[in-house]
K.L.:
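Below is a structure I'd like to ask you about.
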Amino acid sequence: MPEEQDLMEKIVSLAKRRGFIYPSSEIYGGLNGFWDYGPLGVELKRNVKDAWWQDVVRSPPAGPDGRPIRMVGLDCSIIMNPKVWEASGHVGGFADKMVECSETKQRYRADHLWVQEVHAVGGADVGEFVAIVAQSEEQAKRLEREYDPRSMQLPEQYEGQLRMKRWKRWGVDRGFITGGTRRFLTLNASELQQVYAPDAENKGTLGDVRAFNLMFDTYVGAMQDSSSKAYLRPETAQGIFVNYKNVLDTTRIKVPFGIAQIGKAFRNEINPRNFTFRSREFEQMEIEFFCHPKEADLWYQYWRDARLKWYVDHGLRSGKLRLRDHQAEELAHYARACADVEYEFPFGVSELEGIANRTDFDLAQHQKFSGRDMTYFDDETKERFLPHVIEPSGGVDRAALAFLCEAYAEDEAPDESGVMQRRTVLRFHPRLAPLKVAVFPLVKKDGMPEKALEIYQALRPHMTAFYDEKGAVGRRYRRQDEAGTPFCITVDGQTREDGTVTVRDRDSMKQERIGSDAATLLAYLRERLRR
RNA sequence: GCGGGCGUAGCUCAGUGGUAGAGCGUCACGUUGCCAACGUGAAAGUCGUGGGUUCAAGUCCCAUCGCCCGCUCCA
């Protein structure tokens, strides 16, 4: 673990040092969960988005039948009519009800707390409750069954997971006999006073249930009252659903088709963590693919495979990438199937993208809340239906971070005197590299800077290029290695004689001599950047 | 939110209550002819922030903010 920790620290340090990612508003101490992208970072992130847009909207892979599929783009507002979020379930469901214990300072999700009434030896209720933490009523009841008050043994798998000191104590003091299991949320005010919280010594320490909504509030207009309350979107998906009819009515597009969007989303995460991985402001790249209900499974498979392949094609091929299908009990209420594209970051395996079969849940909700007809009429089959939706939903920042982690490498290269030295290099896929090429004069004299600048200017319109004439060329190479620049072009003494320059490859550090005219250079670079 | 660790130059870090430091990096000039070169010089610090103790605080105490790890959370 310390090794991985060191690795992540190195990556964070490099990201700052080379201008990939800075803490947000750093001069004021930063802000938890917010990050800024520097000059190299913004190019990396833009390349990720451009690659996605190109490969998903403008030139998606052929469909399951080998024919072109229909995809269009969209860019909708971040703030929408708040009814959107009532329909989507975010106003009600995205808000976790939390309850805090005044004694232990522990905070619990109220819907994960269950209480069991305590009985005396003779069987009579004593009017007190013990609270336990469980994900479901089944689990709570299982705990109750498996807990044997006589032996005082807690089933091994729950030790540490559940804090049941008080429960055990009841077994000793009162001859604990289990009663029924109830939801904590069903308790009334006087019953609340009789509850022993997990880990607590005293009863009645669980206070009011408070709603923690993960959506950021804002107000539209100058008057800040309930009628002007709105939200920063917690996902871009809903903007697609509410525009689904517009797209159908204005583009002559037919089902099956997809709408894609890239944009910022905001979630007031309880605990942002792991560099940019879980941020409160982040960018999503989402597709909503609308299809006939009978074809939903087919399209789910299609997107699941296509999206995994996309990450592999862009460099995540070290075995740290994996596809994980959700188990039935793990599925959200709106999803029939879901798979996560996961990447093994130095801090652990985490989700880059989720591909879900959302059925007709969202369109049905918006049909219900808006009163608008969301059905689709198929002219050929004369069939009217509510399309089902396959949603590949990825995080731009998470993808960029994964590409950065994957690219990070340390190897050895000989120095001036042939001694091996450690080298830090970002082996980005050329398509994602912030800078494609750097141009150097070998030394700052004999007309080399002039020639190099000429080449630099000729390349700039075609790709991100960088010019550097300061210091030893070896140092300039290494600096570009740290930025992940695939190629370095160097003008040297021979250039004046025969018009050739050297091109140095980032990964192999090998050099080739080629012509220095723009056409030759561009052809050479384009050929190799395509890989 | 809880527990632990850490906040000193752009980065990595040293610093025993008594003048704010090193290496790397950055910049300038010179040198330099292919893989983190050398010389000279320079810039760069609210020692996270706010209180307190003290003749004197980067150092001790309290609070607070941020970062990291674990737990928790992550429809």
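Just so we're on the same page: letters track the sequence lines, and every chain starts at 1.
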K.L.:
With sugar-phosphate meaning primed atoms plus P, OP1 and OP2, does A/Lys444 contact a base, only sugar-phosphate, or nothing at under 4.0 Å between heavy atoms?
P.N.:
base
K.L.:
With a 4.0 Å cut-off on heavy atoms, is A/Phe275 in touch with a base, just the backbone sugar-phosphate, or nothing at all?
P.N.:
sugar-phosphate
K.L.:
Select base, sugar-phosphate, or nothing to describe what A/Arg423 touches, counting heavy atoms under 4.0 Å on all strands.
P.N.:
nothing
K.L.:
Return the pairing partner of B/rU53 with a 3.5 Å limit on both distances, Watson-Crick or G-U wobble; otherwise return none.
P.N.:
none
K.L.:
Which one is paired to B/rC47, where only Watson-Crick or G-U wobble pairs with both distances under 3.5 angstrom count?
P.N.:
none
K.L.:
At 4.0 Å (heavy atoms only), tell me whether A/Ser13 reaches a base, stays on the sugar-phosphate, or touches nothing.
P.N.:
sugar-phosphate
K.L.:
Could you check whether A/Glu351 gets within reach of a base, just the sugar-phosphate, or nothing at all, counting any heavy atom under 4.0 Å?
P.N.:
nothing
K.L.:
A/Asp446 near the nucleic acid: base, sugar-phosphate alone, or nothing, with a heavy-atom cut-off under 4.0 Å?
P.N.:
base
K.L.:
Separation of A/Arg478 atom CZ from B/rA37 atom C1', in whole Å?
P.N.:
12 Å
K.L.:
Indicate, with a heavy-atom threshold strictly under 4.0 Å, whether A/Asn274 touches base, sugar-phosphate, or nothing.
P.N.:
sugar-phosphate
K.L.:
Check whether A/Arg476 reaches the backbone of A/Gly471 with its side chain - one donor and one acceptor, N or O, closer than 3.5 Å.
P.N.:
yes
K.L.:
Quick check on RNA chain B: between A/Ala472 and A/Asp492, whose nearest nucleotide comes earlier from the 5' end?
P.N.:
A/Asp492
K.L.:
State whether A/Asn32 places a side-chain N or O below 4.0 Å from either non-bridging phosphate oxygen (OP1 or OP2) of B/rC65.
P.N.:
no
K.L.:
OP1 or OP2 of B/rA37 sitting under 4.0 Å from any side-chain N/O of A/Arg475?
P.N.:
yes
K.L.:
For B/rG41, which nucleotide in any strand shown is its Watson-Crick or wobble partner with both distances under 3.5 Å?
P.N.:
B/rC27
K.L.:
Checking all strands, does A/Glu482 fall into the base, sugar-phosphate, or nothing category for heavy-atom contacts under 4.0 angstrom?
P.N.:
base
